[in-house]
K.L.:
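This is the structure, below, for whatever I ask next.
When a ligand or atom number is given, it counts from 1 through the structure's own listing order.
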Amino acid sequence: MARKKIIAGNWKMNMTPSQAVALVKELEPLVKNDAVDVVYCVPAVDIVPVVEAVKGSNVQVGAENMYFEDKGAYTGETSAEMLVDAGVKYVIIGHSERRDYFKEDDELLNKKVKKAFEAGLTPILCCGESLEQREMGVTMDWIRLQIKSDLKDITADQVKELVIAYEPIWAIGTGKTATTEQAEEVCKGIRDCIAEIYDAATADAVRIQYGGSVNAGNASELFAQPDIDGGLVGGASLKADFGNIVNY
Ligand code: 13P
């Protein structure tokens, strides 16, 4: 089965609402490509204006985070229902920056994945190893543990809709991309892990992105790999260059 590539920008903590709208307008003619899914994952405060600004285009909007509770006294958090009502389709869950700086653990992330699916959002579930883990040779053990914990009680039908982003922490924002071989090896390892937990059809359907210093120069080689179904792009998603990545 041919999986549709998904190329998502993760804007992180960049772009005020007015800057966000200006960027969407600048990128609009550059990111036209119906052969791939194009997603902008934007800061919470940018969601409403960006949803408005992408109307009528091929771009869909994602959030960078959400909370798993339905509503209530959780100051500062955003619920899945709020995101859906605002027009959001995707939500990044478990980015390494959230795991590291905000101490999000697998138990919490599993709750977020469950809630996202329940609300009709597509999670972009992130996983990846530190440089130390890679050097110790435990990359795949670590990622398998993340995947298994984060997907506890998630059904095969849900996983078929899921997007997994493999982001080696040492390649994020460093300009140091994983080699194509390293990226493909882990993305294939993730697919094998899904086949083990679920079945071959589920593994064949799940989309797996690579993220970490993706740019217009390395995107085409990375996305040509059999197990890499697109990218989660940080820094380069904030520039006109993102158009070249989408049209790799
Ligand atoms: P960079 O593309 O800036 O390395 O960021 C990758 C990333 O963290 C995307 O989620």
K.L.:
In ligand 1, which numbered atoms sit nearer than 4.0 Å to a non-hydrogen atom of A171?
P.N.:
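In order of number, 4 (O).
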K.L.:
Could you check atom 5 (O) of ligand 1 against the protein and tell me its nearest heavy-atom contact, residue, atom and distance included?
P.N.:
K12 NZ, 3.3 Å
K.L.:
Would you say ligand 1 has an N or O under 3.5 Å from any N or O of N10?
P.N.:
yes
K.L.:
Do R191 and D229 sit within salt-bridge range, that is, some charged N less than 4.0 Å from a carboxylate O?
P.N.:
yes
K.L.:
Given G234, G212, A236, identify the one with the heavy atom nearest to atom 2 (O) of ligand 1.
P.N.:
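Result: the heavy atom closest to atom 2 (O) of ligand 1 is in G234.
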K.L.:
Only heavy atoms of E167, strictly under 4.0 Å: list the atoms of ligand 1 that pass.
P.N.:
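With E167 as reference, the close atoms of ligand 1 come out as 6 (C), 7 (C), 8 (O), 9 (C), 10 (O).
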K.L.:
Which atoms from ligand 1 have a heavy atom of S213 less than 4.0 Å away?
P.N.:
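Result: 1 (P), 2 (O), 4 (O).
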K.L.:
Are a donor atom and an acceptor atom from the side chains of W170 and E132 found within less than 3.5 Å of each other?
P.N.:
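Distance-only check fails for W170 and E132.
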K.L.:
Under the salt bridge (charged side-chain N to carboxylate O under 4.0 Å, His left out) test against K112, which residue among E118, E104, E107 passes?
P.N.:
E104
K.L.:
Considering only heavy atoms, does I172 approach ligand 1 within less than 4.0 Å through its side chain, its backbone, both, or neither?
P.N.:
both
K.L.:
Near G173, which atoms of ligand 1 are under 4.0 Å from a heavy atom of that residue?
P.N.:
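Matching atoms, with element in brackets: 1 (P), 3 (O), 4 (O).
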K.L.:
Does a side-chain N-to-carboxylate-O contact under 4.0 Å join R144 and D141?
P.N.:
no
K.L.:
Would you check the N or O atoms of T174, main chain and side chain alike, for any that come under 3.5 Å of an N or O of ligand 1?
P.N.:
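It does not: no N or O of T174 is found under 3.5 Å from an N or O of ligand 1.
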K.L.:
Is there a side-chain hydrogen bond (donor to acceptor under 3.5 Å, both in side chains) between Y166 and E129 once you walk through the steps?
P.N.:
CA-CA 9 Å; Y166 166 53; E129 82 286 5; 2.9 Å; yes
K.L.:
When D106 is tested against each of R99, K111, K152 for salt bridge (charged side-chain N to carboxylate O under 4.0 Å, His left out), which residue passes?
P.N.:
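In the set R99, K111, K152, the residue that makes a salt bridge (charged side-chain N to carboxylate O under 4.0 Å, His left out) with D106 is R99.
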K.L.:
Could you list the atoms of ligand 1 found under 4.0 angstrom from a heavy atom of G235?
P.N.:
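Answer, ordered by atom number: 1 (P), 2 (O), 3 (O).
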K.L.:
Do E196 and K148 have side chains that get closer than 4.5 Å, going by heavy atoms?
P.N.:
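Yes - at least one pair of side-chain heavy atoms lies under 4.5 Å apart.
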